[in-house]
Amino acid sequence: MNNNNRAVNTMRLIDYDPEKDEVLVVKAGLTTHRKIRTFIETGQVDELNRQDRARLHKMLQGHPFVFTDHCTFGGHSFSVSSQHTLMRVLRLAYMAVVILCPLAFLGQTELLGVILTGGSLFFSLSFTFLDCISELYGYRRARGLVIDVSAVLMVVGLLGQWWAEWMGLDPLIRELTGNFMALGCALFVTDMINIGIFHKLRKKMQNRGFVIRSALSSVIAMLVFAPVGGFIRFGEFWHNDAVSELIKDTTLSKIILSLCFLVIGTAIVHGTRQWRREYVK
């Protein structure tokens with residue numbers, strides 16, 4: 001009975017009229033025309049099922065102010081130009097915390113027998129911002145951000161290492177540039193994995209369950225980051241007990257912190273959608 005009620009109350013797309021810039025939808029037996037800008041800004045588009053979102057994606061190709069995204073795994077996202085102020089803020093927040101990671105990694109302490117670094121805090125927070133961008137603005141924008149930031153980190157690391165060697169700078173500077181290089185390479189691999197898993201789950205879960213998708217994709221990506229980043233930065237780290245312990249502890253702390261930061265990501269995503277429904281006319 002519940003499944004039947006849910007099927008009846010699910011919104012379905014009937015057609016899109018490009019001249020009037022309206023969609024024709026049916027929900028609970030009621031057929032209505034809705035302006036495409038309001039339909040997207042208020043988050044009503046998220047109520048469509050996967051098949052209807054795919055149809056709407058094709059219908060809106062080339063629209064002057066609607067941005068549509070179709071990821072590799074079949075998920076679809078929609079946004080309009082007026083919504084991109086938040087995206088710029090999230091992009092800047094992601095870039096800031098990622099760039100701070102190599103600097104903060106130099107600071108280490110121990111809590112309850114676990115080694116903690118400042119990098120763990122910022123790195124975990126970066127997943128929160130990236131998942132918000134993935135959820136609200138789609139796969140391609142999240143992927144483009146990761147590519148840009150990873151490239152900047154690698155270039156800074158390479159140039160910094162060359163400059164440190166040439167100038168004979170302090171070993172601490174060389175360590176810092178090595179951190180930038182390792183983070184840039186590992187970030188590209190693991191954040192791409194994070195985005196891919198996130199949107200694969202998004203397709204399976206019919207655009208629902210942000211918390212579950214964010215938690216699973218982040219944890220898996222961090223487990224991959226540990227050996228990849230460790231090898232790039234320290235080489236065969238498994239032969240060094242101290243380095244192995246550092247990587248194990250920082251991985252554990254990052255997973256715990258990322259799960260704690262889900263509160264922030266959930267507040268951003270659900271708060272944004274609620275604001276759009278209540279205030280966008």
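Residues forming a side chain to side chain donor-acceptor pair (under 3.5 Å) with Ser258 (at least two apart in sequence, or on another chain): none. Evaluation of the side chain to side chain donor-acceptor pair (under 3.5 Å) rule for Arg213 yields Glu135 as partners, not counting sequence neighbours. Residues satisfying the side chain to side chain donor-acceptor pair (under 3.5 Å) criterion with Thr32, sequence neighbours excluded, are Arg34. Evaluation of the salt bridge (charged side-chain N to carboxylate O under 4.0 Å, His left out) rule for Lys248 yields Glu245 as partners, not counting sequence neighbours. With sequence neighbours excluded, no residue forms a salt bridge (charged side-chain N to carboxylate O under 4.0 Å, His left out) with Lys204.
Proximity of Ile220 to Asn194: side-chain heavy atoms (C-beta onward) are nowhere separated by under 4.5 Å. A heavy-atom distance below 4.5 Å is found between the side chains of Leu48 and Leu56. Using a 4.5 Å cut-off on side-chain heavy atoms (C-beta onward), Asp131 and Val269 make no contact. Contact annotation: the side chain of Phe261 approaches that of Leu121 to within less than 4.5 Å [non-hydrogen atoms, C-beta and beyond]. Counting heavy atoms from C-beta on, the side chains of Ser134 and Arg141 never come closer than 4.5 Å. Ile147 is listed as a side-chain neighbour of Phe188, based on a closest heavy-atom distance under 4.5 Å. A heavy-atom distance below 4.5 Å is not found between the side chains of Trp238 and Val243.
Rounding to the nearest 0.5 Å places CG of Leu60 at 4.5 Å from CD1 of Ile36. Going from atom CG of Leu187 over to atom OG of Ser126 covers 6.5 Å, rounded to the nearest 0.5 Å.
Among residue pairs with one or both ends in residues 180-192, those qualifying as side-chain hydrogen bond (donor to acceptor under 3.5 Å, both in side chains) are Tyr94-Asp191; sequence neighbours excluded.
Leu216 and Val263 end up in different hydrophobic clusters when Ile, Leu, Val, Met, Phe, Trp and Tyr side chains are linked at under 4.5 Å. Val89 and Leu100 are assigned to two separate hydrophobic clusters, defined by single-linkage of ILVMFWY side chains at heavy-atom distances under 4.5 Å.
Taking the six-membered ring wherever Trp is involved, the centroid distance between the rings of Phe225 and Phe123 falls below 6.0 Å.
Under 4.0 Å is where a charged nitrogen must lie from a carboxylate oxygen, and between Asp21 and Lys35 no such pair does.
Between Tyr16 and His63, the ring-plane angle classifies as tilted under the 30° and 60° cut-offs.
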